[in-house]
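Here is the structure we will look at, set down as structure tokens.
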Protein chains: 2
Amino acid sequence: MTATQESLGAPRGFDAFDASCPSRRLLDAIGDKWVSLVVVALGLRGPLRYSQLSAQIAGVSQKMLTQTLRGMERDGLLLRTVTPSVPVRVDYELTPLGASLLDVLRHVKEWAEAHMGEVDAARAAYDARPPAS
Amino acid sequence: MTATQESLGAPRGFDAFDASCPSRRLLDAIGDKWVSLVVVALGLRGPLRYSQLSAQIAGVSQKMLTQTLRGMERDGLLLRTVTPSVPVRVDYELTPLGASLLDVLRHVKEWAEAHMGEVDAARAAYDARPPAS
DNA sequence: CTGTATCCTGTTAGATACTG
DNA sequence: CAGTATCTAACAGGATACAG
């Protein structure tokens with residue numbers, strides 16, 4: 001395992017092969033279905049309340065939404081504001097850091113728009129080819 | 001659920017909230033631990049044989065490596081070349097499409113290098129704060 | 001309204017053993 | 001060498017019920 005770190009690892013302090021490396025944690029973040037959805041939702045619609053997010057993302061369970069929100073808050077991706085009114089009110093908004101993550105997602109979006117057709121074509125071709133000789 | 005697609009969905013034909021949308025499939029792709037590792041490995045070291053990949057990525061099981069490789073081949077991300085020598089030899093190399101995915105990963109890398117310190121700081125601050133009043 | 005706690009199920013991935 | 005097949009353990013995630 002150490003061999004991997006040395007042979008392929010961090011040419012300049014960056015090693016995606018090391019699970020503890022920041023890059024891996026970021027991949028975990030943007031790779032997470034709900035995280036990316038929350039980032040996009042907040043990025044597109046500005047600050048939202050818990051119930052609004054719940055409605056927007058429709059399909060997310062309370063458990064996953066809360067869990068995702070907590071994790072993102074912990075990572076400094078969003079700000080959680082509690083207003084102690086009679087029925088409690090909680091607003092969530094992207095921090096500048098969270099907004100910058102939205103930019104990364106935008107790059108992903110661009111790649112998808114530019115190349116996803118190729119992927120579909122490749123997939124169709126692969127599935128159509130004879131099941132080996 | 002349909003409400004979500006309409007309210008937040010594809011302002012211009014792109015809807016990350018739709019699981020069948022290309023963007024989601026891409027997220028699934030780059031979010032996958034092993035896919036990103038294989039892309040980086042092949043991108044950094046050029047064509048590699050199965051056994052070399054297995055060694056490079058150290059920690060991946062045969063099952064996951066094969067599964068990942070098959071999926072990537074299907075998606076047109078890499079090319080699989082079988083040389084029917086006495087002991088069979090199989091080489092894997094990135095296609096132009098796969099190489100372009102490496103570029104996306106590069107953006108991710110840059111974001112990580114630029115902001116991951118902030119994430120760590122936020123996390124430390126969050127973990128250090130009192131467990132609520 | 002905004003969560004927390006619990007149970008329960010499906011998927012996933014690692015280990016292991018075997019084949020062309 | 002380069003896989004395939006099978007079994008099982010771990011865990012993520014959904015449903016549900018309840019609380020501040």
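Note on naming: letters A, B, ... go to the chains in the order of the sequence lines (proteins, then strands), and numbering restarts at 1 for each one. This one's a predicted model, so the numbers in the text were calculated from it and none came from an experiment.
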Length of the CG-P vector between A:Leu69 and C:dT4, whole Å: 10 Å

Strictly under 4.0 angstrom, non-hydrogen atoms only: write out the protein contact profile of nucleotides 8-15 of chain D, one letter per nucleotide from the 5' end, B, S or -. -----BBB

By the salt bridge (Lys or Arg N to Asp or Glu O under 4.0 Å) test, which pairs, at least two apart or in different chains, include something from residues 47-73 of chain A? A:Glu73-B:Arg129

Test of understanding: with side-chain hydrogen bond (donor to acceptor under 3.5 Å, both in side chains), list the residues that count as partners of B:Glu93, not counting sequence neighbours. none

So does B:Tyr92 get a side-chain nitrogen or oxygen closer than 4.0 Å to the phosphate oxygens (OP1/OP2) of D:dG3? yes

Indicate yes or no for a side-chain donor-acceptor contact from B:Asp75 to the backbone of B:Leu77 under 3.5 Å, with no hydrogens or angles considered. no

Classify the side-chain pair A:Thr81/A:Tyr92 by whether it contains a donor and acceptor separated by less than 3.5 Å. no

Does C:dT2 have OP1 or OP2 under 4.0 Å away from a side-chain N or O of A:Ser51? yes

Only one of B:Asp32, B:Leu69, B:Val60 passes side-chain contact (heavy atoms from CB on, under 4.5 Å) with B:Val38, and that residue is B:Leu69

When hydrophobic residues are tied together by side-chain contacts of less than 4.5 Å, even through go-betweens, does A:Leu79 share a cluster with A:Val82? no

Between N or O atoms, less than 3.5 Å apart, protein on one side and nucleotides 17-20 of chain C on the other: list the pairs.
none

Separation of D:dA2 P from B:Arg70 CZ (nearest whole Å): 12 Å

Write down the distance between CD1 (B:Ile57) and C1' (C:dA13), rounded to a whole number of angstrom. 15 Å

Inter-axis angle, terminal five-pair segments of the helix from C:dC1-D:dG20 to C:dG20-D:dC1 [nearest 10°]: 50°

Is there a donor-acceptor contact under 3.5 Å from the side chain of A:Thr95 to the main chain of A:Gly76? yes

D:dA2 phosphate, OP1 or OP2: any side-chain N/O from B:Arg80 under 4.0 angstrom? no

Taken in chain and number order and not counting sequence neighbours, the residues that satisfy side-chain contact (heavy atoms from CB on, under 4.5 Å) with B:Leu102 are B:Val39, B:Val40, B:Arg106

Are any non-hydrogen side-chain atoms of B:Leu27 and A:Lys33 less than 4.5 angstrom apart? no

Can you tell me which nucleotide in D:dC1, C:dT2, D:dT4 comes closest to the side chain of B:Thr66? D:dT4

For A:Arg49 and C:dC1, is the shortest distance between a side-chain N/O and OP1 or OP2 below 4.0 Å? no

Least distance between heavy atoms, A:Trp111 atom then B:Leu101 atom: NE1-N, 3.5 Å

Could you check whether any side-chain N or O of B:Ser85 sits under 3.5 Å from a backbone N or O of B:Val88, counting only pairs where one atom can act as donor and the other as acceptor? no

